[in-house]
Amino acid sequence: MSEQAQGEVSGRRPRSLSGIKSTGVPHLGNYLGMMRPAIELQESYDAYYFIADYHALTTTQDAAQMRASTYEVAAYFLAFGLDPTRTAFFRQTDVPQVAELTWILSCVTSMGLLERAHAYKAAKDRGEGGSVSHGLFAYPVLMAADILLYDSDVVPVGKDQVQHLEMTRDMAQRFNHVFGEGTLRLPQAMVREEVMTITGLDGRKMSKSYDNTIEALLPSKQLKKRLMQIVTDSKGLEEPKDPETCNIFALYRYFSTPEEQAQLAEKYRAGNFGYGHAKLELFEKVDAHMAPFRARYEALKDDHDTLEDILRDGAKKAAVVADEVIERVRSRCGYPARPWAGRG
Ligand code: TRP
């Protein structure tokens, strides 16, 4: 971990929070960068994980699609091992206090800060600055609200989200400066050193926008086909090869032990070992790793009643914390307690 927060925080277990947008099927980058680390943290942290369906609305503007992808992502997360009895697993829109906090944070957030966000800058560089929706421009504010609404201590995310975490801290500091120190807790990003950037088929960062992703739970046959598309150099079968610069080897690392990695590296260097062979070894590993998750996913994905029960139950747990924090914030801003809030 590059940054760690451990131990008791004011008498409670430290809190881990993360979200995943419900746009598209989770790929190996999502799994390795965020979902797997988040699931590991549920052992020792008070965990709050959610499906970012408000965020998804920046791109998914079709009701049927919204409903379907929410269930899909929920089934994935649970299949990978998220335990809803230990973790509050919920849908972002089921705790709409986050939209209220978004507005409040908006009023202490400068345009200049948001203009520096990578996603907005990229759109602007493409000449699309003026047509970006306000929602996309304000995406980092909603994300800050997600994090700050739960007094989060650590936020397990992929490297691509680090800037958003820095912005979150900026917004919290600004709010605290204006309305009272200690109101909002400053969170830490938790990025695994070893999964800093997961490379896709073409060796660039695995990302839907590059169309180089490997869906996490592809059936065996399709998985093999997809892995065969990994781009390599054009060295012949007999030539020695360098594992350190190979996209196949880069992925193999996440699914194998150090001994297995040493063995494969040895084969690369010895020659008479082609990239096709390496791809098969990678396939065996990923396929075996994913097999049990695939089965759980299949059992869950169409069971919308169960998924709905889990998400609603999670939202109830999340709302307890959210209400506490939003009341604290409202009171600092000079708003009265909501009639049902029972502010102490
Ligand atoms: N922006 C994140 C992504 O695209 C998803 C997200 C939304 C999130 N809210 C969050 C992640 C809060 C961590 C914490 O992956």
Side-chain angles (χ1 to χ4, degrees), residues 3 5 15-39 41-42 45-60 66 69-70 73-74 76-77 82 87-99 101-102 105 114 117-120 122-123 135-172 184-192 195-198 205-210 213 216 314 318 321-322 325:
E3 294 183 65
R15 190 166 291 151
S16 156
L17 171 134
S18 197
I20 182 161
K21 238 190 314 175
S22 46
T23 46
V25 175
H27 52 70
L28 290 184
N30 301 129
Y31 171 65
L32 297 168
M34 186 286 231
M35 299 168 99
R36 185 162 80 173
I39 287 165
L41 292 183
Q42 70 184 357
Y45 284 75
D46 185 24
Y48 290 73
Y49 299 141
F50 65 92
I51 299 169
D53 59 342
Y54 272 136
H55 279 109
L57 194 60
T58 58
T59 49
T60 303
M66 182 66 81
S69 51
T70 300
V73 173
Y76 267 87
F77 223 146
L82 185 145
T87 294
F89 181 44
F90 61 102
R91 184 165 37 204
Q92 188 183 28
T93 53
D94 281 343
V95 191
Q97 290 87 325
V98 76
L101 185 57
T102 299
L105 291 174
L114 296 177
H118 297 318
Y120 173 72
L136 191 73
F137 184 66
Y139 186 111
V141 190
L142 176 57
M143 181 158 162
D146 285 329
I147 297 168
L148 301 172
L149 186 61
Y150 297 97
D151 275 344
S152 311
D153 298 300
V154 298
V155 184
V157 280
K159 191 183 166 203
D160 60 330
Q161 298 298 316
V162 168
Q163 188 195 31
H164 285 146
L165 262 294
E166 285 161 5
M167 295 170 91
T168 300
R169 291 170 62 93
D170 279 354
M171 289 179 224
L184 294 172
R185 180 182 290 281
L186 261 54
Q188 302 269 318
M190 191 185 259
V191 183
R192 295 287 188 99
V195 289
M196 284 306 251
T197 302
I198 310 304
K205 166 185 177 303
M206 190 178 289
S207 161
K208 279 167 205 134
S209 42
Y210 295 148
T213 60
V321 183
V325 176

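Read the numbers this way: they start at 1 and go in the same order the structure lists the ligands and their atoms. The analysis underlying the following values was restricted to heavy atoms, covering all of them including side chains, and did not include hydrogens, waters or symmetry mates.
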- Would you check, one step at a time, whether the test ring-ring contact (aromatic ring centres under 6.0 Å, His included) holds for Phe50 with Tyr150? CA-CA 12 Å; Phe50 65 92; Tyr150 297 97; 7.2 Å; no
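Annotation for ligand 1: atoms under 4.0 Å from non-hydrogen atoms of Lys21 are 4 (O). Within ligand 1, the atoms closer than 4.0 Å to a non-hydrogen atom of Tyr139 are 1 (N), 2 (C), 3 (C), 4 (O), 5 (C), numbered from 1 in the order shown. Atoms of ligand 1 lying under 4.0 Å from any heavy atom of Ile147, numbered from 1 in the order shown and given with element: 12 (C), 14 (C). Ligand-side atoms of ligand 1 in range of His55: 7 (C), 9 (N), range being under 4.0 angstrom from any heavy atom.
Residues Phe89 and Gln42 have side chains not in contact (no heavy-atom distance under 4.5 Å, counting atoms from C-beta outward).
Taking each of Asp146, Val157, Val155, Leu148 in turn, the one with a heavy atom nearest to atom 9 (N) of ligand 1 proves to be Asp146.
Geometrically, ligand 1 and Gln161 share a nitrogen or oxygen pair separated by less than 3.5 Å.
Using a 4.0 Å cut-off between heavy atoms, Phe50 contacts ligand 1 through its side chain alone, with no backbone atom that close.
Put simply, the side chain of Ser22 never gets that close to the backbone of Ile51: no donor and acceptor are under 3.5 Å apart.
Using bins of under 30°, 30° to 60° and over 60° for the plane-to-plane angle, the ring pair Tyr120/Phe137 lands in the perpendicular bin. Using cut-offs of 30° and 60° on the angle between ring planes, the pair Phe77 and Tyr49 is parallel.
Met206 pairs with exactly one of Leu28, Leu32, Asn30 by the side-chain contact (heavy atoms from CB on, under 4.5 Å) rule, that one being Leu28.
Of all protein heavy atoms, the one closest to atom 5 (C) of ligand 1 is Gly19 O, 3.5 Å.
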